[in-house]
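The chains referred to below are lettered A, B, ... by the order of the sequence lines, with proteins before strands, and numbering in each begins at 1. In this text the structure is predicted, and so the values were computed from the model without any measurement. Both backbone and side-chain heavy atoms feed into the values below; hydrogens, waters and symmetry mates do not.
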2 protein chains.
Amino acid sequence: MKSFSARQNCRAPSVEDVAHKLAALSHPARLEILQRLGGGRSCCCKEVVEHLDLAQSTVSQHLKILVEAGLVRYAPERQRSRYQIDQAALAAVSASVSALVESCCAGEGADI
Amino acid sequence: MKSFSARQNCRAPSVEDVAHKLAALSHPARLEILQRLGGGRSCCCKEVVEHLDLAQSTVSQHLKILVEAGLVRYAPERQRSRYQIDQAALAAVSASVSALVESCCAGEGADI
DNA sequence: TGATTTCATCGTTCATCGACGATAGACGAT
DNA sequence: ATCGTCTATCGTCGATGAACGATGAAATCA
């Protein structure tokens, strides 16, 4: 094992995949959304809006980005929508980051 | 403990901090740079350039972003420059992501 | 000294992001 | 049927990102 990959279901996520998911995580509002969605709670858009001090359209955009990154699952439900964390996907990202760190810290070198 | 924080050295990184570091990680070229810097090797800019198929100025920019995010340390050395991974910082990011995932997966909920 | 190498920075160009208001569709309630 | 609510999407605007070439500074080599 040399690169940060392996693990997960056997499909090694490409650098692009990981970068894409990390990009989805790289905005404060989206991190807060994830925290709000945490604990298995499923939220509708309005619930997030009330908590976030952003326009509804903006929140909807952020949610879309999270869904397209595969980190949040989406289910249109009558009037409301349900957004829910995809725990497996999130865990996979965490594993990717861990693997990256491990591979980077393998051979100890002298500090600068 | 309610938010994904705590852990680390006792200073809880803010959502903005984490987002900023994740943003630095959210580009394929920068992930590849980190892998190249992995294993304690310290690289000069040219070495990265030769490996990456990007213009020298572009690579320099990416390195700067990594340095400003605190993930890579920088030491101007005579003619060349030395870039080296900041393993502690990288580990901290990994821990933040893990903590986020854990806090999000706490209370199991029904799947969508 | 002069030529070459290595690097950072500047200026430019194009694309994307982030935020908003406005709008339209779908649903529930009256 | 009509009204109000909840969403997603569109269009816009300013800001930022990503890439490049050109340039200049510092160090090394001839």
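- In this structure, the NZ atom of A:Lys46 is 14 Å from the C1' atom of C:dG28, given to the nearest Å.
- Rounded to whole Å, the distance from NZ on A:Lys64 to P on D:dC6 is 22 Å.
- For A:Arg30, taking side-chain heavy atoms from C-beta onward, the closest of the listed nucleotides D:dC6, C:dG18, C:dA19 is C:dG18.
- Look at A:His62 and you'll find a side-chain N or O under 4.0 angstrom from OP1 or OP2 of C:dA19.
- Nearest to the side-chain atoms of B:Thr58 among the listed nucleotides D:dA19, C:dT6, C:dC20 stands D:dA19.
- A pairwise comparison of heavy atoms in B:Cys43 and B:Val48 identifies CB-CG2, 4.1 Å as the closest pair.
- Atom CD in B:Glu77 sits roughly 12 Å away from atom C1' in D:dA27 (whole-Å rounding).
- A sub-4.0 Å separation between OP1 or OP2 of D:dA8 and a side-chain N or O of A:Tyr83 is present.
- Distance CZ (B:Arg82) to P (C:dT6): 17 Å, rounded to an integer number of Å.
- Closest approach of B:Cys104 to A:Gln87, counting heavy atoms only: O-NE2, 3.9 Å.
- At whole-Å resolution of the value, CG in B:Leu22 and P in D:dG17 are 15 Å apart.
- Dashed line: the shortest gap from a side-chain N or O of A:Ser60 to OP1 or OP2 of D:dT7 is not under 4.0 Å.
- Linking ILVMFWY side-chain heavy atoms closer than 4.5 Å, directly or via other members, places B:Leu71 and B:Leu31 in a single hydrophobic cluster.
- Considering only heavy atoms from C-beta on, B:Ile85 stays 4.5 Å or farther from B:Leu66 through its side chain.
- Looking at the side chain of B:Ser57, the nearest of the listed nucleotides D:dC20, C:dG18, C:dG21 is D:dC20.
- Relative to the side chain of A:Cys44, the nucleotides D:dT7, C:dC7, D:dC20 differ in distance, and D:dT7 lies closest.
- Between D:dA8, D:dT28, D:dA19, one nucleotide has an atom nearer to the side chain of B:His27 than all others, and that is D:dA19.
- A side chain to side chain contact (heavy atoms under 4.5 Å, CB included) with A:Val97 is found for one member of A:Leu25, A:Val18, A:Leu22 and no other, namely A:Leu22.
- As rounded to whole Å, 7 Å separates atom P of C:dA8 from atom CD of B:Gln56.
- Between D:dA8, C:dG28, C:dT5, one nucleotide has an atom nearer to the side chain of A:Cys45 than all others, and that is D:dA8.
- In the interface, the side chain of A:Gln61 is not paired with the base of D:dA8 through any donor and acceptor atom under 3.5 Å apart.
- Closest approach to the A:Leu54 side chain among C:dT6, C:dC20, D:dT9 is made by C:dC20 (side chain taken as heavy atoms from C-beta onward).
- Look at CD on A:Glu16: it is 14 Å from P on D:dA18, rounded to the nearest Å.
- An OP1 or OP2 oxygen of C:dA8 is reached within less than 4.0 angstrom by a side-chain nitrogen or oxygen of B:Tyr74.
- Here D:dA18 presents its C1' atom at 14 Å from CG of B:Leu63, a figure rounded to the nearest Å.
- Judged by atom type and distance alone, B:Gln79 does not reach the base of D:dT28 through any side-chain donor-acceptor pair under 3.5 Å.
- Looking at B:Lys46 and B:Glu50, a side-chain N of the basic residue comes within less than 4.0 Å of a carboxylate O on the acidic one, giving a salt bridge.
- Counting any heavy atom pair closer than 4.0 Å across all strands shown, A:Ser81 reaches sugar-phosphate atoms only and no base atom.
- Comparing D:dA19, C:dT6, C:dA22 by their nearest atom to the side chain of B:Arg80 picks out C:dT6.
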